[in-house]
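Report on one structure; see the data block that follows.
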Amino acid sequence: YKAEGVVEDVANRIVDHIRPGPYRLYWDSLMTTMDIIETFEENCCVMRYTTAGQLWNIIAPREFVDFSYTTSYEDGLLTCGISLDYGEVRPNCVRGFNHPCGWFCVPLKDYPSHSLLTGYIQTELRGMLPQSAVDTAMASTLASFYSDLKKALKT
C-alpha cells in the first residue's frame, strides 16, 4: 500500500510523531500498546506493538514486532522497519508481519512549513481474512492515520 499527503509541519516534528517513542501512542487511534524491547542507538530499536481490532472486530487485534530505523535522507527523513520473528504472541492477538516498509518525509520547497509524507506499507495481517476486508481496513486505517497525525501536530 502507498499513502501520500501534505502535512502542515516540518519534517523533523512529523517523523518524531511517527517513529517509535512517546508520541505515537498518544495520537495513533489504531495502536493500543507499544513497547521498545531493545534500543541499539538513538534512532534504532526493536519494538512490539498491538493494533486495535477493525471492521467491527472482523479483523482481530494484531501484534507486530518490528526492527525500526530512522535516518536523514536527502532533504528529509526516512523511518523504516521490518518485522522480526520474536517471542510469544500476546493473548487474544494474531501475529502480523511487516515486510520492508517506511515513511519518507520531505519539506515542500515552495512551502517550507509543510512536508510531503509518503508511506509504503507491506503488511501481512495473517489469519483467515478475505483480501477485500484487508484492503477496506487498510484504506480506512491510512485515512485515519493522516487525520489523527494532523490533529496531534496542532496541539
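Index from 1, following the sequence. Just so you know, these numbers come straight off a predicted model, no measurement behind them.
Under the 4.5 Å side-chain criterion, counting only non-hydrogen atoms from C-beta, Phe67 is in contact with Phe40. Contact of the Leu77 side chain with the Ser72 side chain is registered, since non-hydrogen atoms from C-beta on lie closer than 4.5 Å. Proximity of Ser68 to Thr79: side-chain heavy atoms (C-beta onward) are separated by under 4.5 Å at one or more points. In this structure, Phe145 and Leu117 have side chains that are in contact, with non-hydrogen atoms separated by less than 4.5 Å. In this structure, the side chains of Asp135 and Tyr1 come closer than 4.5 Å at one or more pairs of heavy atoms. Annotation: side chain of Leu30 is not in contact with side chain of Tyr49 (no heavy-atom distance under 4.5 Å). Looking only at side-chain heavy atoms (C-beta outward), Asp28 and Tyr23 stay at 4.5 Å or farther from each other. Residues Arg95 and Val65 are in side-chain contact: their nearest non-hydrogen atoms beyond the backbone lie under 4.5 Å apart.
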Pair Ile121, Leu142 - check side chain to side chain contact (heavy atoms under 4.5 Å, CB included), show working. CA-CA 10 Å; Ile121 296 94; Leu142 291 171; 3.9 Å; yes

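Atom-to-atom distance recorded for Ile14:CD1 and Lys150:NZ is 9.5 Å, nearest 0.5 angstrom. Taking NZ from Lys2 and SG from Cys101, the interatomic distance works out to 15.5 Å, rounded to the nearest 0.5 Å. Interatomic distance, CG of Leu125 versus CE of Met138, reported as 7.0 Å (0.5 Å rounding). To the nearest 0.5 angstrom, Leu129 atom CG is 11.5 Å from Glu124 atom CD. The distance from the CG atom of Leu78 to the OG1 atom of Thr71 is 7.0 Å, given to the nearest 0.5 Å. The CG atom of Asp66 lies 5.0 Å from the CE atom of Met47; values are rounded to the nearest 0.5 Å.
Met34 and Ile82 fall into different hydrophobic clusters, where Ile, Leu, Val, Met, Phe, Trp and Tyr residues are linked whenever their side-chain heavy atoms come under 4.5 Å apart, directly or through other members. In this structure, Leu153 is a member of the same hydrophobic cluster as Tyr26, with clusters built from ILVMFWY side-chain heavy atoms closer than 4.5 Å. Cluster annotation: Leu84 and Ile37 are assigned to the same hydrophobic cluster (Ile/Leu/Val/Met/Phe/Trp/Tyr, side-chain heavy-atom contacts under 4.5 Å, transitive). Hydrophobic cluster membership differs between Phe104 and Val15, with clusters built from Ile, Leu, Val, Met, Phe, Trp and Tyr side chains linked at under 4.5 angstrom. If you chain together hydrophobic residues whose side chains sit under 4.5 Å apart, Ile36 and Val46 never meet in one group.
Side-chain N or O atoms of Ser144 include one that pairs as donor or acceptor with a backbone N or O of Ser140 at under 3.5 Å. Side chain of Thr136 to backbone of Ser132: a donor-acceptor contact under 3.5 angstrom is found.
Thr33 and Arg90 share a donor-acceptor pair across their side chains, judged by distance under 3.5 Å alone.
What you find for Val94 and Val89 is that their closest heavy atoms are C-CG1, 4.4 Å. Contact record, Ser115 with Cys105: CB-SG, 3.7 Å, taken as the closest heavy-atom pair. A pairwise comparison of heavy atoms in Trp27 and Ala152 identifies CB-CB, 3.3 Å as the closest pair. Taking each heavy atom of Cys93 and Glu63 in turn, the nearest pair found is CB-CB, 4.1 Å. Smallest separation of non-hydrogen atoms from Ala3 and Trp103: CB-CH2, 4.4 Å. Nearest heavy-atom pair, Phe64 versus Ser83, reported as atom, atom and distance to 0.1 Å: CD2-OG, 4.2 Å.
Applying the 6.0 Å contact sphere to CZ of Phe97 captures more than 12 heavy atoms from other residues, nucleotides or ligands. Annotation: Tyr73, atom OH; neighbour count of heavy atoms from other residues, nucleotides and ligands within 6.0 Å does not exceed 12. Around atom CD of Gln131, more than 12 heavy atoms belonging to other residues, nucleotides or ligands sit under 6.0 Å away. More than 12 non-hydrogen atoms from other residues, nucleotides or ligands lie less than 6.0 angstrom from CD of Glu41.
Residue pairs meeting the side chain to side chain donor-acceptor pair (under 3.5 Å) criterion with at least one partner in residues 6-18, sequence neighbours excluded, are Asp9-Arg13, Asp16-Arg19.
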